[in-house]
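Quick notes on the structure that follows.
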Amino acid sequence: MERDIDRVLISQERIAERIKELARQITADHASGTGDEAEVTIVPIMTGAMVFCADLIRQIPVAMQIGLLTVSSYPGRSLRTQGSQIIGQQLGDVRGRHLLLIDDILDSGGTLRLVTQMLHELGPASVRTCVLLRKPREESKDVHADYVGFEIPDEFVVGYGLDYNNYYRNLPDIVTLKPEVIAPT
Ligand code: 5GP
Ligand code: MG
């Protein structure tokens with residue numbers, strides 16, 4: 001684990017700070033009192049978003065339910081998406097609810113495109129999107145995210161929920177791996 005780390009890109013302290021700001025913003029945007037009766041359902045995309053989501057929602061004091069979506073885009077040791085696929089869902093009834101989709105990272109944008117389109121078809125009041133990280137990719141230029149934690153360079157990162165071959169999700173910081181750890185694909 002530790003010895004596989006090349007460098008820390010974003011420390012757990014910086015993540016915690018940024019989550020406070022995101023949560024404040026999200027809370028302000030979702031606070032009722034405007035005559036809007038629709039409630040919030042948080043939809044983390046499993047498995048990458050679970051750590052981020054757990055920290056984020058505990059700072060959002062708004063009535064909320066949680067629905068789960070499992071999307072596979074990154075089988076095994078590949079470093080780029082192999083095409084997103086929804087492989088599981090446990091959303092409950094989201095008709096007329098405000099959905100907040102949460103993902104770890106916006107890369108090619110394929111995941112958000114697929115999932116937001118699918119969610120819109122379920123008749124929610126609204127769909128907003130929140131990603132912890134965003135890479136500056138040409139192909140995702142037209143993909144909108146309402147809340148973005150950090151813009152990062154186009155490098156492969158792990159930790160804080162993000163994996164390589166399903167490992168490293170429990171690292172507290174967002175880090176890059178030593179080149180010899182990432183097997184050539
Ligand atoms: P997209 O569909 O936008 O190309 O990619 C989104 C998904 O690809 C993310 O949810 C994440 O699972 C994976 N992904 C993209 N870039 C990285 C990265 O740098 N590290 C890791 N671990 N996963 C990534
Ligand atoms: Mg993912």
Side-chain angles (χ1 to χ4, degrees), residues 1-12 14-15 18-19 22 42-57 66-91 99-120 127-185:
M1 285 276 288
E2 290 293 322
R3 64 166 189 264
D4 297 342
I5 296 173
D6 187 26
R7 65 180 215 283
V8 174
L9 200 67
I10 309 173
S11 69
Q12 52 190 311
R14 278 183 68 203
I15 296 170
R18 185 67 184 125
I19 283 180
L22 289 173
I42 305 284
V43 183
I45 299 181
M46 295 289 109
T47 306
M50 65 183 269
V51 177
F52 174 42
C53 182
D55 283 345
L56 183 69
I57 60 174
I66 297 178
L68 300 180
L69 263 187
T70 303
V71 173
S72 167
S73 55
Y74 240 68
R77 297 186 156 85
S78 51
L79 303 182
R80 279 262 187 258
T81 183
Q82 305 298 306
S84 303
Q85 221 186 332
I86 297 172
I87 58 171
Q89 66 177 68
Q90 205 178 306
L91 289 171
L99 307 187
L100 179 62
L101 191 59
I102 300 190
D103 206 1
D104 49 3
I105 184 165
L106 202 171
D107 185 26
S108 74
T111 303
L112 279 201
R113 262 197 218 102
L114 173 79
V115 170
T116 49
Q117 190 195 331
M118 185 279 272
L119 290 176
H120 274 296
V127 180
R128 288 191 177 105
T129 49
C130 173
V131 294
L132 178 63
L133 308 173
R134 177 164 195 157
K135 289 184 186 174
R137 297 278 304 282
E138 190 58 33
E139 56 187 307
S140 71
K141 260 178 37 191
D142 63 323
V143 179
H144 174 73
D146 296 279
Y147 311 97
V148 177
F150 301 91
E151 310 268 354
I152 63 164
D154 191 4
E155 279 186 88
F156 188 76
V157 294
V158 299
Y160 200 74
L162 293 112
D163 74 303
Y164 174 61
N165 200 23
N166 217 7
Y167 288 100
Y168 305 107
R169 295 192 195 274
N170 55 324
L171 289 173
D173 307 302
I174 291 168
V175 306
T176 59
L177 293 173
K178 287 181 182 157
E180 61 267 29
V181 177
I182 301 171
T185 49

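Read the numbers this way: they start at 1 and go in the same order the structure lists the ligands and their atoms.
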### Query
With respect to atom 20 (N) of ligand 1, which of V157, L9, D163, V158 exhibits the smallest heavy-atom separation?
V157
## Note on the structure
Note: E155 and I152 closest approach over all heavy atoms is O-CD1, 4.5 Å
### Task
Please state whether R137 comes within less than 4.0 angstrom of ligand 1, counting heavy atoms only.
no
### Query
Against heavy atoms of G109, which atoms of ligand 1 measure under 4.0 Å?
1 (P), 3 (O), 4 (O)
### Message
Does R18 form a salt bridge (Lys or Arg N to Asp or Glu O under 4.0 Å) with D55? I'd like the steps, not just the answer.
### Response
CA-CA 11 Å; R18 185 67 184 125; D55 283 345; over 6 Å; no
### Task
Begin from the C-alpha positions of D154 and R80 and carry the test salt bridge (Lys or Arg N to Asp or Glu O under 4.0 Å) through to its verdict.
CA-CA 11 Å; D154 191 4; R80 279 262 187 258; 2.9 Å; yes
### Task
Please report the shortest heavy-atom distance between H144 and L112, naming the atom on each side.
O-CD1, 4.3 Å
### Query
Under the 3.5 angstrom rule, does the side chain of S140 hit a backbone N or O of D107 as a donor-acceptor pair?
yes
### Query
What's the spacing between D103 CG and R134 CZ if we round to 0.5 Å?
12.0 Å
### Query
Taking all non-hydrogen atoms of both residues, which atom of R113 and which atom of E139 are closest, and how far apart?
NH2-O, 3.0 Å
### Under 3.5 Å: N/O of L162 near N/O of ligand 1
no
### Message
Can you name the atoms of ligand 1, numbered from 1 with element, that are less than 4.0 Å from a heavy atom of S84?
### Response
2 (O)
### Summary
Counting from 1 in the order shown, the ligand 1 atoms closer than 4.0 Å to a non-hydrogen atom of E155 are 19 (O)
## Note on the structure
Here the atoms of ligand 1 under 4.0 Å from any heavy atom belonging to D103 are 10 (O)
### Task
Below 4.0 angstrom from a heavy atom of D104, which ligand 1 atoms are there? Numbered from 1 as shown, please.
9 (C), 10 (O), 11 (C), 12 (O)
### Query
Does some non-hydrogen atom of K135 fall short of 4.0 Å from ligand 1?
yes
### Query
Taking all atoms of both residues into account, what is the closest heavy-atom pair of F52 and L132, and its distance?
CE2-N, 3.5 Å
#### Entry: Subset of ligand 1 atoms that lie under 4.0 Å from at least one heavy atom of S73
7 (C), 8 (O)
### Query
Does Y164 have a non-hydrogen atom less than 4.0 Å from ligand 1?
no
